[in-house]
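On a predicted model such as this, the values are computed, not experimentally measured, just so you know.
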Amino acid sequence: MNHSVSICPSGDSAILIQTEQTLDPANIAFIGAAASSIREARIIGITDLIPASCSLMVCYDPTVVSYRELKKQLESALTENTDSTAHVQRRFVIPAVYGGVYGPDLARIAEEKGLSCEEVISIHTSAYYPVYMIGFLPGFPYLGGLDERLHAKRLEEPRLKIPAGSIGIAGSQTGIYPMESPGGWNLIARTPVRIFDPSKKEPVLLRASDLVRFMPVSEKEFEMMEQAVRDGKDVCIEEKGDASWESGL
């Protein structure tokens, strides 16, 4: 391990692996690599892995494995297998229709920033965003690396109902609402992709350390893709090949 890492108990059935508490791409890449290494180690007794931006919670069954034994195995897995520089992030291209009823705050954000709607769309779709963590709602990705020109405060009065697939920005992050819910992010677009689908074996599409890029589509294309999703087809593209954190920052 090249990172400064602490491993300590979290309650009576979890262990918390923590790195430096900063939103540094290297730290986030390390957490992603750590989760991969632990999965590959297939340690008996682990029940869940919960990655966040600067930490990884390892849940376990204490009737199967003790804290001391699990900690020893985790240290071994991290020492032998974790190399965040060699860890290849998965890359996803997510289609999105911008503005209008799909992104009701786009025009306002553009006006506040002294940009045209087309410029906002161009900026938002020009980079890969690292998934800092999944939280708030099942499958909700906190995506970092948002261009400073698009940084925006949350709404003073949150909406009570936001459609599933809505893409918003808040502060220095962008994100995707996986289901209908209340929320205070500025909505600029919507995707037909179901980033949370409880009917699938792996219901959550994205994981911490993945890279996400948005692809603008027309309303007609969005409607066609939406129907395709209802028919059980996948309209999200997973890109193959190497990717580094620098490509999205």
Side-chain angles (χ1 to χ4, degrees), residues 1-92 129-144 175-176 178-179 181 194-212 234 236 238 240 242-245:
M1 292 181 291
N2 296 322
H3 279 65
S4 174
V5 177
S6 66
I7 302 177
C8 58
S10 181
D12 59 0
S13 59
I15 291 179
L16 191 65
I17 300 171
Q18 286 187 308
T19 186
E20 298 174 0
Q21 299 299 292
T22 57
L23 291 179
D24 185 327
N27 290 338
I28 298 163
F30 172 81
I31 293 298
S36 296
S37 296
I38 293 169
R39 290 190 189 98
E40 292 171 5
R42 298 184 180 278
I43 301 171
I44 295 175
I46 291 179
T47 59
D48 200 6
L49 296 176
I50 306 174
S53 56
C54 306
S55 65
L56 174 64
M57 181 171 286
V58 181
C59 303
Y60 67 98
D61 184 343
T63 66
V64 175
V65 62
S66 69
Y67 166 76
R68 288 186 178 180
E69 177 58 29
L70 179 55
K71 182 180 180 182
K72 185 187 301 182
Q73 293 189 64
L74 291 176
E75 290 173 337
S76 176
L78 295 179
T79 300
E80 294 177 5
N81 301 318
T82 300
D83 182 359
S84 58
T85 62
H87 178 59
V88 177
Q89 288 82 36
R90 300 186 306 168
R91 295 182 298 173
F92 293 91
Y129 298 100
V131 179
Y132 281 172
M133 62 178 289
I134 302 294
F136 167 52
L137 294 168
F140 185 102
Y142 287 84
L143 306 174
I176 309 169
M179 60 188 67
S181 74
R194 291 179 180 171
I195 61 170
F196 176 70
D197 187 347
S199 69
K200 291 186 175 181
K201 183 178 180 180
E202 293 190 16
V204 176
L205 175 64
L206 302 172
R207 296 197 297 253
S209 86
D210 286 345
L211 296 171
V212 172
D234 192 356
C236 178
E238 182 176 355
K240 303 299 181 182
D242 294 338
S244 67
W245 286 95

[X] to [Y] - nearest heavy-atom pair and separation:
X: F140; Y: P178; answer: CD1-CD, 3.7 Å
X: P9; Y: Y67; answer: CD-OH, 3.2 Å
X: L78; Y: A34; answer: CD2-CB, 3.6 Å
X: C236; Y: F92; answer: SG-CD2, 3.7 Å

For residues 198-206, please give each side-chain donor-acceptor pair under 3.5 Å, one per line with the distance, not counting sequence neighbours.
| unit_1 | atom_1 | unit_2 | atom_2 | d |
| --- | --- | --- | --- | --- |
| S199 | OG | D197 | OD1 | 2.6 |
| S199 | OG | D197 | OD2 | 3.4 |

Check your understanding: Does the pair I43 and V58 meet the rule for a side-chain contact (heavy atoms from CB on, under 4.5 Å), with working shown?
Key -> CA-CA 11 Å; I43 301 171; V58 181; over 6 Å; no
Review point. Who are the side-chain contact (heavy atoms from CB on, under 4.5 Å) partners of P62, not counting sequence neighbours?
Key: S13, Y60
**Study point:** Contacts of type side-chain contact (heavy atoms from CB on, under 4.5 Å), residue D48, not counting sequence neighbours
**Key:** I50, C59
Point to revise | Derivation of the side-chain contact (heavy atoms from CB on, under 4.5 Å) call for V131 and L143 | key: CA-CA 5 Å; V131 179; L143 306 174; 3.5 Å; yes
[atom1]-[atom2] distance between [X] and [Y], expressed to the nearest 0.5 angstrom:
X: Y129; Y: I176; atom1: OH; atom2: CD1; answer: 11.0 Å
X: I31; Y: M133; atom1: CD1; atom2: CE; answer: 11.5 Å
X: R91; Y: L211; atom1: CZ; atom2: CG; answer: 7.5 Å
X: C8; Y: K71; atom1: SG; atom2: NZ; answer: 8.0 Å
X: M57; Y: I15; atom1: CE; atom2: CD1; answer: 10.5 Å
X: D234; Y: R194; atom1: CG; atom2: CZ; answer: 11.0 Å

Practice item. For a side-chain contact (heavy atoms from CB on, under 4.5 Å) with E75, tell me which candidate from I7, I17, L70 qualifies. Key: I7
Exercise for review: Please check if the side chain of S76 supplies one atom and the backbone of K72 the other of a donor-acceptor pair under 3.5 Å.
Suggested key: no
**Study point:** Pair I38-L74, side-chain contact (heavy atoms from CB on, under 4.5 Å): steps then yes or no
**Key:** CA-CA 7 Å; I38 293 169; L74 291 176; 3.8 Å; yes
Check your understanding: Would a 4.5 Å heavy-atom cut-off, applied to side chains only, mark L137 and F196 as touching?
Key -> no
Practice item. With the side chain counted from C-beta on, respond yes when P51 and R207 share a heavy-atom pair under 4.5 Å apart, and no when they do not. Key: no
